[in-house]
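A short worksheet on the structure shown next.
Given the structure is predicted, the values throughout are model-derived calculations rather than measurements. Atoms within a ligand are numbered from 1 in the order they appear, just like the ligands themselves. Throughout, numbering of the chain's residues begins at 1 and tracks the sequence.
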Amino acid sequence: MPRPSKSVLITGASGGIGRETVQRLSGLGWQVFAGMRFPQAGRTLFHGLDGVVPVELDVSREASLHQAHEQVAHHLAEHGLDGLINNAGLGVDGPVELVPTAASRRQFKVNVIGKIAITQVFLPLIRAAQGCVINIGGAAVRYGVGLETRYGLPILLRLPERLRDRS
Ligand SMILES: NC(=O)c1ccc[n+]([C@@H]2O[C@H](COP(=O)([O-])OP(=O)(O)OC[C@H]3O[C@@H](n4cnc5c(N)ncnc54)[C@H](OP(=O)(O)O)[C@@H]3O)[C@@H](O)[C@H]2O)c1
């Protein structure tokens with residue numbers, strides 16, 4: 001039996017890069033699982049787009065990851081998942097002296113642990129299709145901006161050097 005169209009799960013599909021990617025891949029004939037914290041919005045957002053299935057998904061909640069996996073696996077039947085695009089992310093801006101640690105914790109939970117956790121949960125489906133995982137990040141991870149906390153760990157690793165440069 002011929003395989004249906006390629007399939008992909010995109011996290012953070014409610015806006016920005018995620019939403020654009022859903023539209024683009026749907027236009028190319030992919031089956032797109034649009035991971036969103038509030039999927040009812042997706043029904044309006046992606047109305048009229050072929051092959052788009054809004055999936056409730058909060059990458060910071062373990063139970064949500066497993067529920068989303070169940071829903072995606074059900075749609076795919078025996079086929080695996082060709083792609084996972086880890087796009088969901090939070091920008092927490094501000095100098096390290098001022099950003100509340102609770103905000104940094106939340107950011108780390110979504111931007112770092114969230115990507116690891118969802119990859120773990122979906123890896124068997126991705127392996128079944130010999131698919132791939134794409135992580136969306138930003139140039140600030142590599143280069144950093146002053147004493148900004150943005151993007152968490154990579155910046156933290158460079159913080160001593162940045163503090164030294166400012167002293
Ligand atoms: N745009 C840029 O210039 C830029 C630069 C560097 C890096 N990036 C990275 O690229 C990615 C997309 O950026 P963007 O500009 O398109 O951002 P955006 O418009 O703010 O979209 C972020 C998406 O992530 C979702 N999200 C947040 N927390 C989530 C959670 N716990 N579980 C699931 N989804 C969650 C948001 O959903 P809600 O609507 O429910 O909040 C939203 O759909 C992010 O990872 C960002 O860090 C973007």
List ligand 1 atoms under 4.0 Å from [X], heavy atoms only on the residue side.
{"X": "G16", "answer": "16 (O), 19 (O)"}
{"X": "G137", "answer": "6 (C), 7 (C), 8 (N), 9 (C)"}
{"X": "L57", "answer": "32 (N), 33 (C)"}
{"X": "N87", "answer": "11 (C), 12 (C), 44 (C), 45 (O)"}

*Do the non-hydrogen side-chain atoms of F33 and L57 ever get within less than 4.5 Å of each other?*
no
*Just wondering, do V133 and I126 contact through their side chains at under 4.5 Å, heavy atoms?*
yes
Return all side-chain donor-acceptor pairs below 3.5 angstrom for residues 63-71, not counting sequence neighbours, or 'none' if the list is empty.
| residue | atom | partner | partner atom | Å |
| --- | --- | --- | --- | --- |
| S64 | OG | D58 | N | 2.8 |
| Q71 | NE2 | P54 | O | 3.4 |

*So, for G35 and L9, which heavy atoms are closest and what is the spacing to 0.1 Å?*
N-CD1, 4.1 Å
Region of [X] engaging ligand 1 - heavy atom pairs below 4.0 Å:
{"X": "T11", "value": "neither"}
{"X": "D58", "value": "both"}
{"X": "R106", "value": "side chain"}

_Suppose we screen for side-chain contact (heavy atoms from CB on, under 4.5 Å). Which residues come up paired with R106, at least two apart in sequence or across chains?_
R37, S60, L90, V110
_Nearest-option assignment for atom 22 (C) of ligand 1, heavy atoms, candidates A34, G15, G89, G114_ = G89
*Name the one of N135, N111, T11 that satisfies side chain to side chain donor-acceptor pair (under 3.5 Å) with N86?*
N135
*Between atom NZ of K6 and atom CG of L25, what is the distance when rounded to the nearest 0.5 Å?*
12.0 Å
*Could you grab the distance from atom CZ of R19 to atom OG1 of T21, nearest 0.5 Å is fine?*
12.0 Å
*Proximity flag G91 to ligand 1, non-hydrogen atoms under 4.0 Å*: no
Does any N/O atom on [X] come nearer than 3.5 Å to any N/O atom on ligand 1?
{"X": "G12", "value": "yes"}
{"X": "I17", "value": "yes"}
{"X": "F38", "value": "no"}
{"X": "S14", "value": "yes"}
{"X": "R37", "value": "yes"}

*Any chain of hydrophobic side-chain contacts (each under 4.5 Å) joining M36 to I136?*
yes
